[in-house]
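One structure, pasted below without further comment.
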Amino acid sequence: MKIILASNSPRRRELLMGLGIKFEVKVLPNISEEYPKNLPTMDIAEYIACLKAKAYKESIEENELIITADTIVVLGNQVLGKPKNENQAKYMLQSISGKKHKVVTGVCITTNTLQRHFSVSTDVTFKVLKESEINYYIHKYKPFDKAGAYGIQEWIGYVGVTSINGSYFNVMGLPVQRLWEELCEII
């Protein structure tokens, strides 16, 4: 079966490559990531992953399998998506500083005959971050493509994360262990 990763994320590509699976990347432009405002926060990432899959549904060939995913950071009931600018990134990092939050990744696996979807949640706790640490990270790493304004695999994860409960790779953007299990059942 031909596997297609429908994502621009270099981290998702890296993680899928780590499974030793042959795949290609195919990304359609302008896919909506809007979700109903009354949707429970823990369901948002999975909903968006399925919404992304829907955009590919008409073009899936008989031997193809499409993987779509979305990752969000949840602090209490607040969803922290990708920051649009430096001020939003600073706000997000200040918000998670000294607190525990959840990173939720939704994944949707779609062929022309079936669709499976799931989400994985990981608890991440940060130390109280100094303003100088936040500013350094934002200026050096420009985390504008990352949910919650951080990448756990980058400098801020090295110096700021005090504990993690769940999948580290989920926090990077793809719960590869669960994805592997699902793919083994399909292929």
Side-chain angles (χ1 to χ4, degrees), residues 1-17 19 21-75 77-93 95 101-121 138 141-154 169-176 178-179 182-183 186:
M1 190 162 258
K2 180 179 174 184
I3 297 175
I4 298 168
L5 176 63
S7 174
N8 275 321
S9 168
R11 289 160 300 285
R12 287 191 183 119
R13 280 184 231 144
E14 175 188 341
L15 291 169
L16 196 54
M17 277 193 288
L19 289 178
I21 295 172
K22 284 187 161 192
F23 67 95
E24 67 180 57
V25 174
K26 179 179 172 184
V27 181
L28 296 176
N30 305 318
I31 296 176
S32 172
E33 295 187 14
E34 295 293 319
Y35 56 89
K37 297 302 174 200
N38 62 343
L39 193 65
T41 54
M42 297 304 286
D43 296 341
I44 293 171
E46 190 172 337
Y47 178 89
I48 294 172
C50 292
L51 193 62
K52 290 176 180 179
K54 190 176 181 180
Y56 292 85
K57 190 69 176 145
E58 297 301 315
S59 64
I60 297 175
E61 295 182 21
E62 192 171 319
N63 64 334
E64 290 182 332
L65 179 144
I66 307 269
I67 300 169
T68 54
D70 192 72
T71 301
I72 61 170
V73 169
V74 179
L75 180 63
N77 273 334
Q78 182 181 14
V79 176
L80 304 177
K82 296 174 187 170
K84 291 180 176 56
N85 56 47
E86 204 170 294
N87 287 337
Q88 284 186 1
K90 191 170 189 174
Y91 168 78
M92 289 180 187
L93 290 170
S95 295
H101 62 274
K102 292 187 179 302
V103 177
V104 183
T105 300
V107 178
C108 188
I109 302 167
T110 308
T111 70
N112 64 346
T113 59
L114 71 83
Q115 185 172 77
R116 294 175 92 145
H117 47 89
F118 59 90
S119 62
V120 173
S121 176
I138 292 170
Y141 290 88
K142 312 228 182 289
F144 307 116
D145 64 335
K146 295 171 180 66
Y150 78 93
I152 195 168
Q153 73 281 4
E154 295 176 340
F169 300 111
N170 182 56
V171 182
M172 283 181 66
L174 194 65
V176 288
R178 175 72 185 272
L179 178 59
E182 296 286 340
L183 290 173
I186 296 169

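Numbers for residues simply follow the sequence, beginning at 1.
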Among residues at least two apart in sequence or on other chains, which ones pass side-chain contact (heavy atoms from CB on, under 4.5 Å) with Asn30?
none
Between side-chain atoms of residues 35-49 and protein atoms elsewhere (two or more places apart, or another chain), which donor-acceptor pairs fall under 3.5 Å?
residue	atom	partner	partner atom	Å
Glu46	OE1	Ser119	N	3.4
Glu46	OE1	Ser119	OG	3.3
Glu46	OE2	His117	ND1	2.6

Give the minimum heavy-atom separation between Gly151 and Lys146, together with the two atoms involved.
N-CD, 3.5 Å
Closest non-hydrogen atom pair between Ala6 and Thr68, with its separation:
CB-CG2, 3.7 Å
Gap between atom OG1 of Thr110 and atom NZ of Lys54 - 0.5 Å precision
12.0 Å
Validation row: Asp145, Arg11 side chains within 4.5 angstrom (heavy atoms):
yes
Hey, could you give me the CD1/CG distance between Ile109 and Leu114, rounded to the nearest 0.5 Å?
8.5 Å
Quick one: does Tyr150's side chain get under 4.5 Å of Val103's, heavy atoms only?
yes
Is the number of heavy atoms from other residues, nucleotides or ligands under 6.0 Å of Asn63 CG greater than 12?
yes
Of all pairs that satisfy salt bridge (Lys or Arg N to Asp or Glu O under 4.0 Å), the ones with a partner from residues 58-75, not counting sequence neighbours:
Lys2-Glu64, Lys52-Asp70
How many angstroms lie between CG in Leu19 and CG in Leu174, if you round to the nearest 0.5 Å?
7.5 Å
For Thr105, what residues pass the side chain to side chain donor-acceptor pair (under 3.5 Å) criterion, not counting sequence neighbours?
Thr71, Asn170
Determine which pairs satisfy salt bridge (Lys or Arg N to Asp or Glu O under 4.0 Å) with at least one residue from residues 109-121, sequence neighbours left out, and list them in order.
Arg116-Glu182, Arg116-Glu185
Run the side-chain contact (heavy atoms from CB on, under 4.5 Å) test on Leu183 and Leu65 for me, step by step, so that the C-alpha distance in whole Å, both residues' side-chain angles and the decisive distance to 0.1 Å come before the verdict.
CA-CA 10 Å; Leu183 290 173; Leu65 179 144; 3.8 Å; yes
By side chain to side chain donor-acceptor pair (under 3.5 Å), Ser95 pairs with (sequence neighbours left out) none
Any residue meeting side-chain contact (heavy atoms from CB on, under 4.5 Å) with Lys26, in chain and number order, not counting sequence neighbours:
Ile4, Tyr56, Ser59
Show me, pair by pair, the donor-acceptor contacts under 3.5 angstrom made by side chains of residues 78-87, not counting sequence neighbours?
residue	atom	partner	partner atom	Å
Gln78	NE2	Tyr91	OH	3.0
Asn85	OD1	Asn87	N	3.1
Asn85	OD1	Gln88	N	2.8

Could you list the residues that satisfy ring-ring contact (aromatic ring centres under 6.0 Å, His included) with Phe118, not counting sequence neighbours?
none
I'd like to check the side-chain contact (heavy atoms from CB on, under 4.5 Å) partners of Thr113; sequence neighbours left out, ordered by chain and number.
Thr111
So how far is it from Ile21 CD1 to Ile67 CD1, rounded to the nearest 0.5 Å?
6.5 Å
CG-CZ distance between Leu5 and Arg12, expressed to the nearest 0.5 angstrom:
8.0 Å
Going by the rule side chain to side chain donor-acceptor pair (under 3.5 Å), which residues pair with Asn112 if we only count those two or more places apart in sequence or in a different chain?
none
Under the criterion side-chain contact (heavy atoms from CB on, under 4.5 Å), I'd like the reasoning laid out for Val120 against Val107: C-alpha separation, chi angles, the key distance, then a yes or no.
CA-CA 8 Å; Val120 173; Val107 178; over 6 Å; no
Less than 4.5 Å apart, any side-chain heavy atom of Cys108 and any of Gln115?
yes
